[in-house]
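Comments concern the structure below.
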Amino acid sequence: MSILEIKNLTVTFHTKDKITRAVHNISLSVEEQDSIGIVGESGSGKSTLAMAILQLLPKRIARIEGEVILDGKHLFQCTDEQIRKIRWRDLAVVFQKSMNALSPVHKIGTQMSDIYRIHESKISKKKLKEKIISLLEMVNLPSRVYDLYPHELSGGMMQRVSIALSLMHNPKLLILDEATTALDVVTQGQILSEIKELEKELNLTRIMITHDMSVVASACKKVAVMYAGNILEFGYVKDVLVNPLHPYTQGLLKSIPTFKGEKKNIRGIAGALPDLSVPVQGCIFASRCEFATDICYQVKPTEELLSGNHRVACHLVGGMEHANVNHS
Amino acid sequence: MQTLITAEEKAISVENIYKYYKQRGKRQRNQDIKSVDGVSFSLNKGEILGVIGESGCGKSTLGRILVKLEEPTSGSISINGVPSQNLFKQDPLAFRRTAQMIFQNPFDTFDPRYTIAKVLISTMKLHHIGESKNERLAMCIDLLEKGGLKPATEYLHRYPHELSGGQLQRISILRSMLLEPMFVVADEPVSMLDVSIRADIINMLADLCKRENTAMVFISHDITTTRYISDRVAVMYLGRIVETGPTDEVMHNPQHPYTRALISNSVQLDSFENQQIIHIAGEPPTPINIGPGCRFAPRCYQSRESCNHEDPESTHIGNGHYVSCPYINE
Amino acid sequence: MGSFIIRRSFTGILIIFVAIFLNFMLIQLAPGDPISILSGQDSPSPEMEEALREKYGLNDSVGVQFLTYLRTLAGGDLGESILSGRPVSEMIGERIGPTLMLTLTTAILALLIGTLLGIYCARRPGSKLDNFLSGLSYLFDSMPSFWLGMMFILLFASWLGIFPTSGMVDLRANHSGIAYYIDVLHHMFLPATTLTLLSIPYFFRITRSSVIQVMSEDFVTTLRATGMSEGRIFNKYVLKNSILPTITVFGITIAYMITGVAIIEIVFSWPGMGSFMLNAISRRDYPLLMGIYLVLSISVAVTMIVVDVLYAFIDPRIRYSK
Amino acid sequence: SGGVSETQGNEGDSESGSSGGDTLIVGLAGDPQTFNPDARADDFLYPIAQNVFSRLVKLNNNQEIIPDLAEKWEFNDDGTEITFHLNENVKWHDGKDFTSADVKFTLDSIKNNNGYAVSNLKSMEEVSTPDDNTVVIKLSNPDATFFGYLAWYATFILPEHVYSGENWDSGTNIEPIGTGPFKFSEYTTSVNVTLERNNEYFGQVPYVDRLVFSIIPDPNTLVQAFYNGEVDIFGGSPPSSEIEKMKNDPNIEGESKVWPSRQYLVFNFEKEPFNQLEVRQAIAYALNNVEIVSKAQKGDGQVAEHFLSPVYNWAITNEYKIPEYNPEKAKELLEQAGYTPDKNGNYLNITFDVFESGSNADMGTVIKDQLRQVGINVELNILEYATWQQKVKDNADFEMSMLGGYQGPDVGSISPRISSEGSNNLSLYKNTELDELLVKGAQLVTEEERAPIYQDIQRILAEDLPIYPISEWVGYSPVHSYVKGDPSSDEAIQSTGFSEYNYVKIEK
Amino acid sequence: MEIKRNNQNIFKKSINKINDIKQLKVGVILLVLLLIVSIFAPVFATHDPYSLGDEMIAAPSSTHYLGTDGLGRDVFSMIIYGTRTSLMIGIVAALISGVIGTLLGGIAGFFGGKLDRLLTEINNIFLMMPTFFLILIVVALFGSSLINVMLIIGLTSWVGNARLMRAQAMSLRERTFIMGAYSIGEKKWKILLKHIIPNGIFPIIANTTMIISGAILTEASLSFLGLGDPNVVSWGQIIYNGREYMTSAWWISTFAGIVVVLTVLSFYLIGDGLNRVLSPKLHDQN
Ligand SMILES: Nc1ncnc2c1ncn2[C@@H]1O[C@H](COP(=O)(O)OP(=O)(O)OP(=O)(O)O)[C@@H](O)[C@H]1O
Ligand SMILES: Nc1ncnc2c1ncn2[C@@H]1O[C@H](COP(=O)(O)OP(=O)(O)OP(=O)(O)O)[C@@H](O)[C@H]1O
Ligand SMILES: [Mg+2]
Ligand SMILES: [Mg+2]
């Protein structure tokens with residue numbers, strides 16, 4: 001059963017002098033207890049997608065089209081009041097810059113209690129404190145954190161606080177937006193494994209936004225590769241990473257050095273993300289794609305569904321020659 | 001081979017660098033922050049040393065000390081056999097040309113009010129490179145095109161915010177190379193960049209080092225990148241190098257328990273399915289109240305009583321591989 | 001915290017001493033002589049002048065006079081006014097009350113109104129109201145205070161006749177009890193309004209920019225994502241984070257309360273330090289001037305300390321560094 | 001006159017005065033600094049003191065000397081002794097009896113404590129009290145100015161039992177006890193001074209119950225408070241810009257009176273170019289007093305025509321008047337003095353130091369403009385008073401300046417301003433002939449004797465031009481028309497002094 | 001050649017930028033108007049502002065557009081003639097205050113440590129000092145002239161600027177590009193001048209525009225203390241002289257006051273606009 005259904009979601013930002021199409025006609029469905037990684041370059045619209053689901057985009061400049069159905073509720077049709085109720089109970093989020101995720105001038109315990117009470121106001125002070133401390137302990141933090149200020153914690157600890165905060169009401173869906181990016185490897189490894197464990201315990205469904213392939217590789221079941229507001233490839237991690245079909249995915253993987261074996265030459269993808277305020281006719285990746293043909297510049301590729309729910313949006317998929325040429 | 005290399009031939013040699021910061025708060029009076037706590041190493045011309053280690057272990061501090069953006073509390077650095085202290089005293093500008101640094105955040109490396117041309121030309125002026133404005137401008141164009149930014153005139157009059165991170169980092173590297181340094185410190189030069197651009201920047205750095213025979217200290221916490229670029233690696237923990245040696249030797253045959261944990265924790269794409277993560281307990285400690293024993297002991301999965309008392313010496317286990325742990329074979 | 005306050009107080013006292021010295025020298029070296037001024041221009045009396053010079057030690061060298069001043073000051077004595085022969089402390093004491101009443105009221109009003117408007121506009125940056133109020137704040141900033149004060153008198157006292165022109169009490173009615181306080185408030189309305197209008201722009205601008213900045217910080221997004229209502233995010237979290245610059249401005253306003261509103265006090269004949277100080281200046285009443293500036297120095301120093309402590313109290317990040 | 005004055009009877013009926021409940025509010029520009037009116041010069045205490053204290057004799061608004069505590073008085077023949085006969089049954093406000101001993105105490109204290117009047121009363125040798133109601137003052141030499149000074153300033157008679165010893169100079173900490181028509185009631189700093197009717201007053205018992213001085217330092221605010229009826233009597237002179245409006249207002253009354261107080265230019269005799277007579281004369285011809293008064297002073301000035309104050313008309317001669325306005329003559333004189341016009345057409349560049357007060361700055365501007373028209377370029381400096389005093393008065397570091405002030409109560413009071421050693425002789429003018437005349441003029445007693453001497457003095461002044469009078473100050477103290485009996489009014493003028501309000505009735 | 005073309009581009013670009021940014025456009029137009037008026041005052045003035053006419057306190061009319069003052073001078077012409085003095089006083093005094101404040105604040109914030117503490121305390125002492133007497137001493141020592149007026153106003157109003165700049169410098173010195181400047185061998189004081197100050201100057205500019213109006217008004221009050229020049233008309237003097245005529249002739253101080261407000265507005269708009277031009281990021285966002 002899918003817990004989250006995104007249908008033809010498009011987000012455009014209308015600023016003074018231009019219109020930026022940050023998310024373009026994305027459809028995605030998330031099954032219960034799934035863990036989906038969304039990878040892509042900076043500016044490809046990952047955060048915008050998450051913020052659109054959370055209904056946190058600035059109303060004045062962001063136009064949203066499409067549908068997002070969370071647990072049967074059409075989010076875009078909810079009133080502000082209803083959305084506020086859904087937030088954190090059904091849908092929680094952990095942001096990247098966890099150092100700044102909480103107010104620097106309030107104690108952690110105070111803020112957590114405050115947030116808890118938004119959805120659960122009938123709890124005694126003492127119980128609440130116990131609850132918060134147990135949350136902290138769940139993410140391996142000592143109870144003294146309750147009385148500390150954000151700046152007194154290290155990055156890793158703050159990230160754990162953020163995670164504890166997000167798990168407060170056992171949300172149905174947890175979105176981690178670059179939640180481990182700022183951490184060093186050791187801490188990141190620890191937190192990832194902690195999350196995976198908690199997930200088993202709490203029946204969480206998780207969307208994980210990152211630009212680090214290896215994080216997806218180690219912590220997600222499925223992966224969506226985003227580029228300039230579009231999902232170019234989607235499928236099980238083991239399919240997509242082992243057998244990438246889209247030239248962009250292939251390029252990404254080729255730009256990452258290996259750990260084992262001989263040192264293969266790596267190389268990046270030439271060019272940069274296109275200007276999102278200029279509408280593109282054909283494939284959005286065409287301008288950087290080394291295999292692009294005329295059709296790529298003219299016609300937008302449709303999504304191909306391959307075996308194992310592996311989906312790709314590329315004119316060249318099916319032929320596969322290009323990939324082989326390159327692999328030799 | 002190794003014994004034949006004399007100190008003079010070393011591009012840079014570093015001995016017993018210490019850097020203690022004074023703590024200003026009243027609670028922790030008289031307790032210094034031991035950011036770098038006795039680091040020694042040397043580099044040949046054109047050699048790249050990767051420095052890895054978790055956040056806060058003193059990598060950046062070490063980097064800054066190497067290029068004299070900060071003074072060490074004690075210890076000495078010599079470049080080409082000459083103490084950098086003397087070099088700097090004699091001619092600070094010349095020293096700056098000798099040792100350069102590339103910073104982590106390309107988006108903040110340039111004054112937001114300077115165009116790229118102004119950035120480069122003011123650097124040239126400062127170091128008396130080129131004679132006239134026109135000559136310098138021509139050099140800029142040349143430089144940018146060499147660095148893969150074509151056509152250069154496209155970029156010259158742009159402001160930093162009008163360029164992508166990759167382009168900025170290229171320019172940052174190009175600016176350093178403009179001064180033809182002997183020695184470069186690259187402090188996490190790609191960690192803020194997209195994966196798709198990182199490769200090019202790393203290649204560019206590696207190429208330059210080989211071409212100009214520049215020695216480089218490459219600071220990173222990314223194991224695979226470090227493996228890719230560096231000839232040797234040094235693993236730092238709490239201000240010390242706990243393990244050092246040729247890259248593949250250290251990476252594939254890690255000896256120090258910390259190195260092992262570090263490597264096992266950094267997930268790699270080519271082995272993501274059957275990864276055995278070594279957990280190390282606790283938080284990364286702050287370099288303030290370091291006990292008398294091994295500094296990794298409190299978090300070490302194989303620590304024993306003696307570790308808490310004896311600070312282990314660095315021992316050579318062959319092939320230029322040094323480890324500061326007496327229990328490596330167990 | 002304790003030692004922090006002690007350390008700050010120590011430098012504060014040091015600074016006050018430096019200020020006393022500088023003030024003494026400046027006041028003494030400036031042209032003018034209290035005794036000849038006292039003697040008047042119509043028919044100066046040399047005999048009286050000589051006697052008074054002797055009495056106030058003005059024939060001594062400046063150095064000796066300074067030492068004498070320090071000595072009396074050490075005894076807790078601010079000296080005696082040359083003009084009236086009364087103890088300086090007593091004279092300052094008489095006027096400081098009304099000044100504090102007026103300035104505290106206006107500082108708090110300006111703080112409240114300015115901050116509220118600043119917050120209101122910060123939540124709608126670029127809106128018509130925001131532009132209007134920002135423009136208005138510049139208008140009031142470049143308006144001479146006496147002009148505004150006089151306009152108010154003309155408008156509300158002379159034309160509409162709903163407020164008294166000046167003073168603190170109705171001398172004809174001679175009220176007492178509750179009526180007295182109402183009368184004082186009635187008299188305070190115009191000067192307080194003028195002063196408030198003149199100081200609102202500072203609070204408005206500082207709050208506005210500070211709130212806009214805090215609103216863009218990440219934690220606000222986090223709190224929104226938790227479903228917290230905008231009101232609560234604002235009142236509990238944004239406010240505390242954006243209050244620091246306002247505290248500084250408020251502190252400086254308070255520090256200058258004693259001397260900063262002289263012109264308005266004079267325009268409205270408010271019986272505070274204003275006319276008193278200007279009179280002391282124009283008549284070169286050295287001991288009185290030293291007393292006034294000492295009070296000013298102390299209030300500046302104390303305010304600086306209080307602001308620092310408040311900063312540390314509100315912002316834990318400042319608490320243990322520096 | 002100058003001889004025995006007629007007795008001033010208590011014509012006013014003290015019963016009719018108690019109309020009950022009336023409060024008279026008078027504006028006051030600043031706080032009194034002391035409650036001893038004899039210790040120091042204090043212009044803000046003066047109107048209060050006038051109502052609380054009495055003198056032996058006092059000056060009325062016509063600048064005439066009228067009786068106060070002294071019912072009558074007589075001079076001896078050579079003018080070196082004055083005998084005062086005091087009113088009987090006068091009581092201090094605290095109920096104690098007033099006697100001649102208090103007079104002696106006061107006059108002696110002024111001398112011993114260097115009170116403000118000490119210089120004015122220099123010729124006083126001895127005060128004796130033959131009985132409780134008689135005071136005899138012996139002078140060292142005949143002094144025509146003495147009597148006037150006695151009636152003028154800082155000569156209020158004080159109770160010995162209050163002001164003796166330490167209390168002499170203790171600021172406002174002492175409660176003022178006098179014999180005047182009003183008793184001190186309370187003083188609130190910077191707010192008001194309240195006086196109450198003294199039912200025991202030996203003269204006209206006040207009609208109003210309370211006399212309140214409302215302290216309003218800003219003249220423009222005081223104007224508004226006066227218009228708005230918060231103040232009944234303006235108290236002092238309004239800014240010149242308002243005078244016309246007030247005079248045209250049917251609800252406001254007030255008489256303009258010329259005072260022996262004038263604005264005049266002084267020239268520095270020890271500096272170029274004013275050591276040259278022609279230059280001083282040129283300035284005198286170049287200036288048009290009529291225009292200066294009408295533009296800069298508006299209603300509070302009257303054009304000066306003579307070298308002495310017109311108040312003392314018996315001493316004035318039309319033979320030596322101030323030069324008529326004649327710009328051509330001025331230029332001639334400048335050329336005569338050897339000046340030639342520079343490229344801007346200016347013969348001379350001079351500086352003109354004026355201190356900031358009243359209409360001084362405006363007068364300076366008009367003078368500058370007038371001198372410009374004859375080719376004298378003036379650099380006008382407007383200084384703060386204290387600075388001006390140091391620069392001009394103490395250091396004589398100036399070329400031309402302007403001074404004003406009281407020149408009474410006797411025509412001889414001009415002496416300090418023009419005599420060689422005069423304390424107010426800013427011009428540093430020295431003329432022994434003039435000095436002798438001034439001394440002689442002061443020692444004679446009758447006007448007939450004195451007039452020729454002062455005419456001689458005017459001749460010298462006209463010849464040498466050490467000063468150039470511009471205007472006479474006109475006192476104008478507006479009152480609301482419902483206020484009757486102010487000091488200038490017919491019923492009050494012969495018995496009250498400046499700012500004395502015992503005849504005032506409020507008739508709304 | 002190349003450079004010349006670039007310079008032209010930059011010039012054109014600046015003009016374009018000025019056109020793009022509304023507030024800059026309005027501000028520049030206002031300022032240019034003021035400058036034209038100050039330079040060609042005699043052309044615009046209808047009367048000699050120094051000659052005392054016979055019509056005193058005349059209300060605005062077709063002969064006297066803005067009426068006359070108490071001495072019969074034409075207020076319109078006085079305002080026109082006063083432009084030069086007042087603009088100069090405002091600008092120079094504000095510049096002095098801005099420069100001193102920026103430098104001292106920049107040094108304190110950038111160098112930090114003991115120097116910072118020393119400068120901060122000096123700053124505090126300045127807050128406690130009787131500036132009135134400082135002014136009198138300056139007059140006594142150096143005489144009075146417009147230069148001294150500007151100096152004095154500048155010297156006594158830098159404290160706020162210093163505070164602002166200090167805070168800016170403290171946050172800027174942690175930025176990577178400052179570290180970068182060190183690493184290529186830039187000297188400390190040059191970094192301060194080339195990077196710290198230009199990047200942190202905006203709040204100081206905004207504050208300094210307010211000092212302009214303060215200076216214009218202060219000048220008049222100073223001229224009564226013997227500092228300044230009553231021989232030259234200025235807006236401040238018109239405003240202060242008009243004070244006693246507020247009931248009888250409101251036009252004297254009101255019009256001059258409006259001009260001061262307009263001037264301040266023009267400088268504020270220019271300051272704000274300039275910031276957008278100089279800080280490329282803001283410009284694009286606009
Ligand atoms: N508030 C906004 N107003 C205008 N444009 C915006 C806004 N937020 C995002 N954008 C634009 O939308 C696009 C997608 O941005 P988004 O932050 O979603 O990317 P991302 O994939 O999360 O990148 P990163 O990895 O850097 O976080 C970008 O081009 C960005 O400039
Ligand atoms: N200027 C300074 N004053 C005081 N302490 C400092 C200073 N600079 C660094 N430190 C401390 O020294 C330690 C090492 O810092 P450093 O920045 O060198 O670590 P790092 O290895 O580069 O970490 P990261 O991977 O997060 O960049 C840290 O604990 C840090 O807090
Ligand atoms: Mg993002
Ligand atoms: Mg670092």
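Numbers restart at 1 for each chain; the letters A, B, ... are given by sequence-line order, proteins then strands.
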Exercise. For the atom pair CD1 (E:Ile57) and CD (D:Glu244), what is the distance rounded to the nearest 0.5 Å?
Worked result: 7.0 Å
Problem set entry | Which atoms of D:Gln370 approach chain E - backbone, side chain, both or neither, heavy atom under 4.5 Å | neither
Exercise. Atom OG1 in D:Thr365, atom CG in E:Leu52: separation rounded to 0.5 Å?
Worked result: 7.5 Å
Exercise. About how many Å separate CG of E:Asp54 and CD of D:Glu291, when rounded to the nearest 0.5 Å?
Worked result: 7.0 Å
Problem set entry | Nearest atoms (heavy-atom pairs only) where D:Ala296 meets E:Leu71 | CA-CD2, 4.0 Å
Give the table of side-chain donor-acceptor pairs shorter than 3.5 Å for residues 371-379 of chain D, with sequence neighbours excluded, one pair per line with atom names and distance.
from     : atom 1 : to       : atom 2 : distance (Å)
D:Arg372 : NH2    : D:Asp369 : OD1    : 2.9
D:Asn377 : ND2    : D:Asn349 : OD1    : 2.9

For this session: Determine whether more than 12 heavy atoms belonging to other residues, nucleotides or ligands lie under 6.0 Å from atom CG of E:Leu35.
Result: yes
For this session: Taking D:Lys298 for its side chain and E:Gly70 for its backbone only, find out whether a donor-acceptor pair lies under 3.5 Å.
Result: yes
Exercise. Counting only heavy atoms not in E:Tyr50, do more than 12 fall under 6.0 Å of its OH?
Worked result: yes
Problem set entry | Verdict with supporting geometry, E:Met246 and D:Asn220, side chain to side chain contact (heavy atoms under 4.5 Å, CB included) | CA-CA 8 Å; E:Met246 275 184 67; D:Asn220 300 307; over 6 Å; no
Seminar exercise, completed: When every non-hydrogen atom of E:Met56 is compared with those of D:Ser294, the smallest separation belongs to CE-O, 3.6 Å
For this session: Examine whether an atom of E:Asp69 lies under 4.5 Å from a heavy atom of chain D, and if so say whether it belongs to the side chain, the backbone or both; otherwise answer neither.
Result: neither
Exercise. Quick one: CD1 on D:Ile382 to CG on E:Asn231, what's the gap to the nearest 0.5 Å?
Worked result: 8.0 Å
Seminar exercise, completed: Turns out that what part of D:Asp362 lies under 4.5 Å from chain E's heavy atoms comes down to both
Problem set entry | D:Lys245 side chain vs E:Ser248 backbone, donor-acceptor pair below 3.5 Å | no
Problem set entry | D:Asp218/E:Arg243 under side chain to side chain contact (heavy atoms under 4.5 Å, CB included): CA gap, chis, key distance, verdict | CA-CA 11 Å; D:Asp218 186 312; E:Arg243 188 177 170 185; 2.4 Å; yes
